[in-house]
Amino acid sequence: MASRNMPSTNKRKRGKNEDLDAEKCKKSKLEPGGNSAKSTAENNNRFLNGLHILIISAGIQKFRFDIFKKQIIKYGGIYMEKFTDETSHIIVDEKMELDRLCRILKWDSIPTGVKIIKSLWLSGCLKDNNLNSSANFELDNQEFRVQSVKNDLLNDNVKVEPSTSNYSPKNEHSPTKDHSPKKDHSSKKAAYSDADSDYDEANDRALPASPKGHKHIPTEKWVCSAASSDKKKEIPNKNVIAKLEEMAKNYKNSADKWRSFGYQKAIAALKTYNKEITTYEDAVALRGVGKKLADKIWEIIQTGELRKLNEISSTDEAKTTNMFSDIWGVGATTARLWYTQGHRTLANLEKNANLNRQQKVGLRLYDDLKERMTREEAGKIEQYVKETAQKINPGLIAMACGSYRRGKQTCGDVDVLVTHPDGKSHKGVFQKLLHGLHETGFLTDDLVTQDDHSTQQKYLGVCKLPEEGSQHRRLDIIVVPHNELACALMYFTGSAHFNRSCRNLAIAKGMSLSEHSLNTGVIRSHGEKINKGTPLPTPTEESVFELLGIPYRSPQERDH
DNA sequence: AACCAGCATGT
DNA sequence: ACATGC
DNA sequence: GGTT
Ligand SMILES: O=c1ccn([C@H]2C[C@H](O)[C@@H](COP(=O)(O)OP(=O)(O)OP(=O)(O)O)O2)c(=O)[nH]1
Ligand SMILES: [Mg+2]
C-alpha cells in the first residue's frame with residue numbers, strides 16, 4: 001500500500017498524491033473522543049519531530065501498521081505514503097531483506113541518507129517516548145546491500161521467498177494440499193454464465209458451483225429463490241465458519257475493513273454452500289474464496305485449528321480491542337486509540353478514558369446489550385411500540401423488520417418501521433411516539449435521535465419491557481413516507497449482506513438502490529455518482545425485485 | 001489498481 | 001471530515 | 001480478503 005514506487009531518481013509527482021498525503025495527515029490529527037490529560041502531555045513530547053518516515057507494509061500486520069502511522073503523526077513525525085527524496089527513515093518488518101526491499105521500492109541501488117530500520121526500533125521509541133538509537137536495528141551495511149541487489153538483477157527471475165527463517169506457512173500447506181485431490185475437477189468451475197442474474201457475487205456462484213452431478217439448473221440457479229430458507233440442524237462447515245468469523249471480527253476491529261469484508265463474503269459463500277467442504281478444490285471453487293482463504297479453510301478442515309487465528313487472538317491487542325468494540329458506539333478506531341493509551345479493562349475505561357454520551361450508555365449496559373433476545377421477547381417489544389403508535393393515530397402501521405421479519409429465533413435488537421397509508425400522517429410521529437414511549441419508562445436511554453425531531457428519520461435507543469427480570473434491549477425505529485414503504489421495507493428487513501448484494505446488482509444495471517428509492521439512469525464516474533438518476537415507482541417489495549430482474553424472495557430467504 | 005452500498009446521526 | 005451504526 |  002504505502003510502497004511500490006518510483007526509483008529514487010524520480011522527483012515526486014505533483015497533484016493527486018500530494019493532496020492525498022496532506023489529507024491523510026489532517027485526518028489522523030483529528031483523534032476522536034478527545035484525549036485525556038495524560039495523552040495531551042504526551043503530545044508535547046514530539047520526539048519524532050522532523051522525521052519523514054515511510055513504513056513498508058510487507059510483513060507488518062495491518063494492526064501494528066496503523067498504530068505506527070497514528071503514533072508517528074502524534075509524536076511530530078511525518079508519515080509518508082510513498083518514498084520520496086525527503087524520506088529519512090524506512091521502517092521494515094524484522095524479516096525484511098534488502099533485495100526484497102529493493103524490489104518493492106523498485107530501487108536499482110540504495111539511496112544514501114536514508115535509514116532502513118526494523119520495526120522494533122519504532123516500537124521501542126513509542127514505548128519509551130524517546131528517540132532511541134537505531135544502531136541496533138538498522139539493516140546490514142551498504143556494500144553488502146549493493147551486492148545483493150546486483151545479484152538479484154543478474155538473476156533476473158528472482159522469486160526469492162522472503163521467509164528464510166522460521167516456519168513458512170506456505171510450505172507447511174502445500175504438501176497437505178496434495179493429499180486432497182480425490183476429485184477430478186473436470187467440470188468443476190463455472191459451467192454457467194450467470195452474467196445477467198449476477199445478483200449476489202458470492203451466492204450466485206456458490207450454488208452453480210456445487211452441483212457436480214446436479215443437472216438441474218432450474219430456478220436454483222439464482223440463489224435468490226432458495227438460499228437461506230432451510231434451517232438446518234447440522235450446519236456444514238460449522239467450525240470453518242466459526243474460525244473465519246473470528247478472523248473477520250479481528251480484522252474489523254483492527255480497522256482493516258476490506259479484509260474483514262473479504263472474510264465475510266467467503267463466510268456467506270460457505271453458508272450458502274450447504275454441503276461439507278472436504279477439499280481445497282471445493283473451497284477455492286467458491287466465488288469469494290481465493291487461494292489464501294482456501295489454504296486457511298483447508299488447514300481448519302485438517303487440523304481443526306487456524307494458527308493465524310490463534311496467533312492473533314492470543315494477543316493483548318486483539319483481546320482488548322475486541323472487548324472495547326463490543327461497547328455500543330465504540331468502533332475500531334476508538335478501541336485501538338484506547339488501547340494505545342494504555343487502557344486494558346472496562347473498569348479502567350470508565351474512570352480514565354474519554355467516552356462520549358453514547359459510549360457511556362453502551363458501557364453501562366454492556367452485558368445486556370451484548371446478548372440477543374428471544375424471538376418472543378422481540379414480538380412483545382414490537383407490540384408495545386405498535387400499541388403506543390396506534391394510540392397516537394390508529395391508522396399508523398408499525399411492524400418489526402430486521403432479523404425478526406426474517407423469522408430468526410433470536411434477535412439482536414428490534415427494528416420497527418412506522419408509516420401511514422395516507423402518505424402524510426407519518427409526519428411529526430417521532431415527537432409523539434418517542435414521548436409516549438418515554439413517558440411510561442419503556443425507553444430507558446436514547447442513543448441516536450434528534451432534539452427537535454424536525455428532520456428525524458431514525459431513532460436508536462434502549463428499551464426495557466415492564467416485566468419481572470426483563471433486560472435492556474436495543475430498539476431501532478424508522479418512520480417513512482408511504483411512497484417509500486417498499487424500499488424502506490427492503491432495507492430494514494435486510495439482511496445487510498442481502499441489501500449490499502441487491503445494491504451491487506442495481507449498480508451493475510445502471511441503477512441505485514437505497515432505503516428511499518430505486519433510481520434508474522444513474523451515471524457514475526470514477527466510482528462517484530454524477531447523476532442521481534430518477535426514482536422508479538415501487539409500490540411493493542415485489543416491484544423492486546422485478547425492476548432488479550430477480551425473483552421475489554420472502555424475508556426468510558433473505559437471511560444471508 | 002480499482003472496487004467492494006448507501007445512508008443518518010454525533011462530534 | 002471522520003466515526004459509528006443501521 | 002477476493003474479483004475484475
Ligand atoms: O450495515 C447495515 C446494517 C443493517 N442494514 C439493514 C439490514 C438489517 O436487517 C436492518 C436492521 O439492522 P440490524 O443491525 O438490526 O440487523 P438485523 O438483521 O436485524 O440483525 P440483528 O438480529 O443482529 O438485529 O438494517 C443495512 O442495510 N446495512
Ligand atoms: Mg435487528
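Throughout, a chain's letter reflects where its sequence line sits, starting with A, and its residues are numbered from 1.
- With contacts defined as side-chain heavy-atom distances shorter than 4.5 Å, the pair A:Asp413/A:Leu460 does not qualify.
- Nucleotides B:dA5 and D:dT4 place their P atoms 15 Å apart, quoted to the nearest Å.
- Using a 4.0 Å heavy-atom criterion, one finds that A:Asp476 contacts the sugar-phosphate atoms exclusively.
- C:dA3 atom C1' lies 10 Å from atom CD of A:Gln358, rounded to whole Å.
- Among D:dG1, B:dT9, B:dA5, the nucleotide with an atom closest to any side-chain atom of A:Arg500 is B:dA5.
- Between A:Phe498 and A:His560, the ring-plane angle classifies as parallel under the 30° and 60° cut-offs.
- For A:Lys265, no side-chain nitrogen or oxygen approaches OP1 or OP2 of D:dG1 to under 4.0 Å.
- Regarding contacts with the backbone of C:dT4, a side-chain N or O of A:Thr334 is found under 4.0 angstrom from either OP1 or OP2.
- For the pair A:Tyr491 and B:dC7, the criterion of a side-chain N or O lying under 4.0 Å from OP1 or OP2 is not met.
- Look at CZ on A:Phe261: it is 14 Å from C1' on B:dA2, rounded to the nearest Å.
- For the pair A:Trp258 and B:dC4, the ring geometry qualifies as stacking, because the centroid separation is below 5.5 Å while the planes lie within an angle under 30°.
- Taking side-chain N and O atoms only, A:Gln456 has no distance below 4.0 Å to OP1 or OP2 of B:dT9.
- With ring centers used as reference points, A:Tyr459 lies 6.0 Å or more from A:Phe430.
- OP1 and OP2 of D:dG1 both lie 4.0 Å or more from every side-chain N or O belonging to A:Ser260.
- Protein atom CD1 of A:Ile300 is 12 Å distant from nucleotide atom P of D:dG1, rounded to whole Å.
- Note: CG (A:Leu244) to P (D:dG1) measures 11 Å, nearest angstrom.
- In this structure, A:Thr449 does not reach the B:dT9 phosphate: none of its side-chain N or O atoms is under 4.0 Å from OP1 or OP2.
- A salt bridge links A:Arg503 with A:Glu515: the distance from a Lys NZ or Arg NE/NH1/NH2 to an Asp or Glu carboxylate oxygen falls below 4.0 Å.
- An OP1 or OP2 oxygen of B:dA5 is reached within less than 4.0 angstrom by no side-chain nitrogen or oxygen of A:Arg503.
- Whole-Å rounding puts the A:Gln264 CD to B:dA5 P distance at 11 Å.
- Relative orientation of the A:Phe545 and A:Tyr552 rings is perpendicular, given thresholds of 30° and 60° on the angle between their planes.
- Proximity of A:Arg287 to the phosphate of D:dT4: a side-chain N or O atom is located under 4.0 Å from OP1 or OP2.
- OP1 or OP2 of C:dC6 sits under 4.0 Å from a side-chain N or O of A:Arg474.
- Taking atom CZ of residue A:Phe324 and atom P of nucleotide C:dT4, one finds them 13 Å apart after rounding to whole Å.
- Nucleic acid contact class of A:Ile327 (heavy atoms, under 4.0 Å, all strands): sugar-phosphate only.
- Taking the ring centroids of A:Phe324 and A:Tyr339, they lie at or beyond the 6.0 Å cut-off.
- Of the residues near DNA chain B, A:His516 and A:Ala496, the one whose nearest nucleotide (by heavy atom distance) lies more toward the 5' end is A:Ala496.
- Backbone-only contact: A:Lys292 has heavy atoms under 4.0 Å from sugar-phosphate atoms and none from a base.
- In this structure, A:Ser514 does not reach the B:dA5 phosphate: none of its side-chain N or O atoms is under 4.0 Å from OP1 or OP2.
- The phosphate of C:dA3 has neither OP1 nor OP2 within less than 4.0 Å of any side-chain N or O from A:Trp328.
- Of the candidate nucleotides B:dA8, D:dG1, B:dC4, B:dC4 has the atom lying nearest to any side-chain atom of A:Ile507.
- Ranking D:dG1, C:dC6, C:dT4 by closeness to the A:Thr333 side chain, first place goes to C:dT4.
- Taking atom CG on A:Leu460 and atom P on B:dA8, their separation rounds to 13 Å, with Å as the unit.
- The OH-P distance, from A:Tyr459 to B:dG10, rounds to 11 Å in whole Å.
- As judged by a 4.0 angstrom heavy-atom cut-off over every strand, A:Ile478 is placed among residues making no nucleic acid contact.
- Under the 4.0 Å criterion applied to side-chain N and carboxylate O atoms, A:Lys408 and A:Asp559 are assigned as salt-bridge partners.
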